[in-house]
Amino acid sequence: MKAGIVGLPNVGKSTLFNCLSNAKAQSANFPFCTIEPNIGVVNVPDDRLVKLEELVNPERVLPATVDIVDIAGLVRGASKGEGLGNQFLANIRETDAIIHVIRCFDNDNIIHVDTTIDPVRDKETIDIELQLKDLESLEKRIDRVKKMARTGNKEAQKEFDVLEKVRIALEAASSVRAAELTEKEREEYITPLQLITDKPVLYVCNVDENAAVDGNDYVKAVKEAVKDENAEVIILAVGTEADITELESFEERQLFLEDIGLEEPGASVLIRAAYKLLKQQTYFTAGVKEVRAWTINIGDTAPQAAGVIHTDFEKGFIRAEVIAYNDFVSYGSEAKVKEAGKMRVEGKEYVVKNGDVMHFRFNV
Ligand SMILES: Nc1nc2c(ncn2[C@@H]2O[C@H](COP(=O)(O)OP(=O)(O)OP(=O)(O)O)[C@@H](O)[C@H]2O)c(=O)[nH]1
Ligand SMILES: [Mg+2]
């Protein structure tokens, strides 16, 4: 699963990328510092994993991960080739969700490509570029479908009608995700096109240290502007958090965070939100060798969940032994859960629940 970071140049995208991932991207105070995309793997922070580690005391712990892609900044005209962002929009098209970074801090020393600080304008600039890019992809498809529809192909006519609806929405500067379509129409005709503004989005307001907890007027304006989008807005002091990640010890980092009024890094909150945005959930395996979080789609069955570990587990699936996370924690160990008769045996149809601790039985 992959999330892509978009935004104007010099708003803190690479700095954010560096807060999230161990891969270090170059970040500097000039527009278009990033040219080649940076790709990093980010651990998804999960308190349940910490708890399971305490209880099981395994040799190692492996968290769930999300891939993050940081691209060049987009500017007005990017969809038509301005700046550098356009050639990298392809990298964004391959992602599953968008993290849109918006500058919400004043600082005369940090160059803004459009001179003044106006987060709502900036957000619209980016939206419009992404929408124009989508329009371009959509029109290519429309051309083809139109020809098929002319020959009397009923299916093509149906598709054409749906595509037209979306084209009109895009031309009215609305994103694809906001277009009024039935789930079936979207799934059948729109999802395969991988349109950028169809992907779920999360807004990150990059603020100064003193606004890290409550935000500021810029954040208020962004929230007001997106209130109908049903999208999450996260406040993050990106520059400060980048400084914090440079500190050596956990204690030092914790002290610094407390100092600015945070219990945990905003970057952790962001990653969890992205994970949720990707409609992912976690189940665990908890053995003495390894406690591990596995990523599955919400709604996946037990064999599908087993398949994430190994395809043989799915093919040869016999049954799953399942302990609800809360039972594992309240009884304290697998043995005690079994004693209490709280371990369930589930078959092929079982839909895995978030936090299930699982063992699979299979034939190879
Ligand atoms: N004051 C302040 N400066 C910041 C903050 N976040 C980033 N910066 C600075 O802004 C400059 C640009 O940051 P980058 O992360 O390189 O920006 P970018 O969005 O990746 O820029 P491009 O790659 O050029 O598109 C750097 O000098 C950062 O140190 C912040 O929250 N506050
Ligand atoms: Mg950058």
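Just so you know, ligand 1 is whichever comes first in the structure, and atom 1 is the first atom listed for that ligand.
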S.K.: Going by an N to O cut-off under 4.0 Å, is there a salt bridge joining Lys51 and Asp47?
M.R.: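 Looking at Lys51 and Asp47, the cut-off is not met.
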S.K.: Return a table of donor-acceptor pairs under 3.5 angstrom between the side chains of residues 312-324 and protein atoms on other chains or two or more places apart.
M.R.:
from	atom 1	to	atom 2	distance (Å)
Glu321	OE1	Arg361	NH2	3.3
Glu321	OE2	Arg361	NE	3.1

S.K.: At less than 4.0 angstrom from any atom of ligand 1, which residues have a non-hydrogen atom? List them by chain and residue number.
M.R.: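 Answer by chain and number: Leu8, Pro9, Asn10, Val11, Gly12, Lys13, Ser14, Thr15, Ser27, Ala28, Asn29, Phe30, Pro31, Phe32, Cys33, Thr34, Gly73, Phe105, Asn107, Ile110, Asn206, Val207, Val238, Gly239.
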S.K.: So, Glu171 and Arg167, do they make that salt bridge, N to O below 4.0 Å?
M.R.: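 Answer for the salt bridge query: yes.
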S.K.: Whether the Asp122 and Tyr218 side chains hold a donor-acceptor pair (N or O, under 3.5 Å, no angle test) is what I'd like checked.
M.R.: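 No donor-acceptor contact under 3.5 Å links the two side chains.
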S.K.: Does Glu229 pair with Lys123 as a salt bridge, N-O distance under 4.0 Å?
M.R.: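 Counted as a salt bridge, because a side-chain N and a carboxylate O are separated by less than 4.0 Å.
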S.K.: Under 2.8 Å from the Mg ion (ligand 2), which protein N/O/S atoms are there?
M.R.: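 Listed by chain and number: Ser14 OG, Thr34 OG1.
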S.K.: Would you confirm whether Arg60, through its side chain, and Lys289, through its main-chain N or O, come within 3.5 Å as a donor-acceptor pair?
M.R.: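 No: the side chain of Arg60 does not pair with the backbone of Lys289.
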S.K.: Ion pair present between Glu334 and Lys338, side-chain N to carboxylate O less than 4.0 angstrom?
M.R.: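 So Glu334 pairs with Lys338 through a salt bridge.
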S.K.: Is Glu339 paired with Lys336 through a side-chain N to carboxylate O contact shorter than 4.0 Å?
M.R.: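 Salt bridge flag = no for Glu339 with Lys336.
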S.K.: Restricting to salt bridge (Lys or Arg N to Asp or Glu O under 4.0 Å), what partner residues turn up for Glu53, sequence neighbours left out?
M.R.: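 By the salt bridge (Lys or Arg N to Asp or Glu O under 4.0 Å) rule, Glu53 matches no residue at all.
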